[in-house]
Amino acid sequence: MAFILKDATYINWKTLEFTRTHILVNEGLNGRIQFIDKIENPAIYDQIIDCRGKYVTKSFAVGHHHVYSALARGMPAPKKKPDNFHEILKYIWWNLDKALDKESIRASALATAMACAKSGSTFVIDHHASPNYIDGSLDIIAEAFEEIGISHLLCYEISDRDGQESISGGLDETARYLNKNQGLVGLHASFTVSDKTMKSAAELMSKFGSGIHIHVAEDIYDQQQCYDKYGKRVVERLADFGILDSGKSILGHCLHLDDHERSLLSKSKCWVVENMESNLKNNVGYFKGEGLGDNIMLGTDGMHSNMIRSAQAAYFAGKRYDDIDFGDAYRRFRNVHKYLDQNNIKGDSENNLVILDYPTATPLNQNNFLDHFIFGFSANFINDVISNGKLIVKDKVLLTVNENDTLKFVREQAEKLWGRMN
Ligand SMILES: [Zn+2]
């Protein structure tokens, strides 16, 4: 299967070079794209899409997402207004994820994948929790993602917060899933993971040649608890379990780090994922890239699925606390492709593309692209999306499922979920 993007302006996502060309797109996990000068025999192609006046570039990927939070928007307020980060988890998120069942996990995954597709992301790294429906939860998410056309790197968030049954459930689900699929070993955060659980997770990481995906020092509480209990800081604790040794490991947030922890991270192969808007929402502090090295990527932390917004937030909110310019914001936005490529993770080849209908009022070229990216770009301009060489969004409409029917199912599940919450 192959199709042509006719008369496109291709923006090379690495060099930002602009090329006027027709683009031949091949389907498949390792599918390539090819520039062609002339369309010799149009009849042999499945489809020819007119891209006159439009921009084509590589699609996006989310470095840290949470399917479990997809049905949270607009839900009733918690019984007690949270006063701090730990209470936000306790009264909001740990109440929501405990109420998730088979159907609401599927609804959450469909909603997440749809939102990602329509915002231009064709790959998602997710961190999932559903303590009362663990076994098989990752398969439900994988299936829903694939139905929409989104590639994925999933994990289950193992934690001691709900007792032994939940710990074993998380470890078993991880082993079961990694036996057959690409994925990571998820841990909630240092403050809810005992040494015994962390050791078991690190063993799974080694056994499957995987990495750990964990929240790190999102709030100062994580550091205080770690020091009180273990006499060391969070990154030092992770280093002692060998978690920083995997180039697949992803550390979410990393807000409250000292110089020694930053140095440990900059010398390691693992990755840090910044989620600026989520940090602003929880009022936990500001991300600072200083001393962390180059392995920084961006996520949404389940707040939304719009990576252009995440990049712009990283730039604007970073102006005061982070030494960030347009180029840094764009590099962090695109670094997720480097992470996926370095680790031989499937689903992010060059045949993952977005077609932007961006009616710019000022000239746009290689030299001022970053200016447009920060001040002009928006997910609203994403007209079409191609995932693994397959057109999944055309003229802003999802082709893989009926959007209205799917959203109706998702809304019904949201209502049922809210009804089950305490
Ligand atoms: Zn998170």
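Note that ligands are numbered from 1 as they come in the structure, with each ligand's atoms numbered from 1 the same way.
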Over all heavy atoms of both residues, which pair between V62 and S121 is shortest? Give the atoms and the distance, please. CG2-OG, 3.7 Å

Is the closest basic N to carboxylate O distance between K196 and D160 below 4.0 Å? no

Can you tell me which residue pairs pass the ring-ring contact (aromatic ring centres under 6.0 Å, His included) test with a partner in residues 280-318, sequence neighbours excluded? Y286-Y321, Y315-F326, F316-F375

Salt-bridged, D139 to R176, with N to O below 4.0 Å? yes

More than 12 heavy atoms of other groups within 6.0 Å of K269 NZ: no

Taking all heavy atoms of M114 and all of I148, pick out the closest pair and write down the distance. CG-CD1, 3.6 Å

Taking 2.8 Å as the distance threshold, tell me the number of protein N/O/S atoms next to the Zn ion (ligand 1). 4

